[in-house]
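Report on one structure; see the data block that follows.
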Amino acid sequence: MGSYAPAAELLRALASPLRIAIVMRLDDGDQCVHELVDALGVPQPLVSQHLRVLRGAGVVVPHRRGREVAYSLADSHVAHVVRDAVAHSAHSVRGHIAGTPST
């Protein structure tokens with residue numbers, strides 16, 4: 001079971017709608033905190049707090065962009081996992097609403 005611990009930690013770090021939204025935004029390219037705030041419509045301290053969680057889990061990496069700090073995804077695999085989870089959940093919800101079993 002120990003070999004699954006890193007995957008569990010990654011999934012735990014992604015277990016927030018806002019963190020999923022941040023990963024989806026960063027999948028389109030680097031963004032500064034203020035760009036994420038504007039795009040997501042949430043307060044800056046909240047975005048910063050969630051970026052700290054993602055950074056601690058190795059999901060995002062910061063780098064200087066002039067006087068600002070921009071964030072990017074550490075690797076594209078995380079974005080793939082998140083895109084698949086979003087697509088799966090949308091499929092599951094549609095199947096449930098239509099009364100068909102989701103697979």
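Applying the salt bridge (charged side-chain N to carboxylate O under 4.0 Å, His left out) test to pairs two or more places apart or on separate chains, none has a residue in residues 38-47. Annotation: side chain to side chain donor-acceptor pair (under 3.5 Å) contacts involving residues 16-25, sequence neighbours excluded, comprise R19-H50.
In the hydrophobic clustering (ILVMFWY side chains linked at under 4.5 Å, chained through shared members), Y4 is joined by M1.
A search for salt bridge (Lys or Arg N to Asp or Glu O under 4.0 Å) contacts involving R12 returns E9, not counting sequence neighbours. Qualifying side-chain contact (heavy atoms from CB on, under 4.5 Å) partners for I20, counting only residues two or more places apart in sequence or in other chains: M24, V82, V86. Partners of D30 according to the side-chain hydrogen bond (donor to acceptor under 3.5 Å, both in side chains) rule, which considers only residues two or more places apart in sequence or in another chain, are H63. In terms of the salt bridge (Lys or Arg N to Asp or Glu O under 4.0 Å) criterion, residue partners of D27 (sequence neighbours excluded) are, by chain and number, R83. Legend: residues meeting salt bridge (Lys or Arg N to Asp or Glu O under 4.0 Å) with R65, ordered by chain and number and at least two apart, are E35. Residues that satisfy the side-chain hydrogen bond (donor to acceptor under 3.5 Å, both in side chains) test with D84, not counting sequence neighbours, are H80. Legend: residues meeting salt bridge (Lys or Arg N to Asp or Glu O under 4.0 Å) with R52, ordered by chain and number and at least two apart, are absent. Under the side-chain contact (heavy atoms from CB on, under 4.5 Å) criterion, P43 pairs with P45, L46, sequence neighbours left out.
Taking 4.5 Å as the limit, some side-chain heavy atom of L40 sits within range of a side-chain heavy atom of I22.
A continuous path of hydrophobic side-chain contacts links L18 to L51 [ILVMFWY only; heavy atoms under 4.5 Å]. There is a path of hydrophobic side-chain contacts, each under 4.5 Å, that joins V23 to L10. With hydrophobic clusters built from ILVMFWY side chains whose heavy atoms lie under 4.5 angstrom apart, V53 does not share a cluster with L26.
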Side-chain donor-acceptor contacts of residues 68-76 below 3.5 Å, not counting sequence neighbours, with atom names and distances?
from, atom 1, to, atom 2, distance (Å)
E68, OE2, H34, NE2, 2.8
D75, OD1, H77, N, 2.7
D75, OD1, H77, ND1, 3.4
D75, OD1, V78, N, 3.4

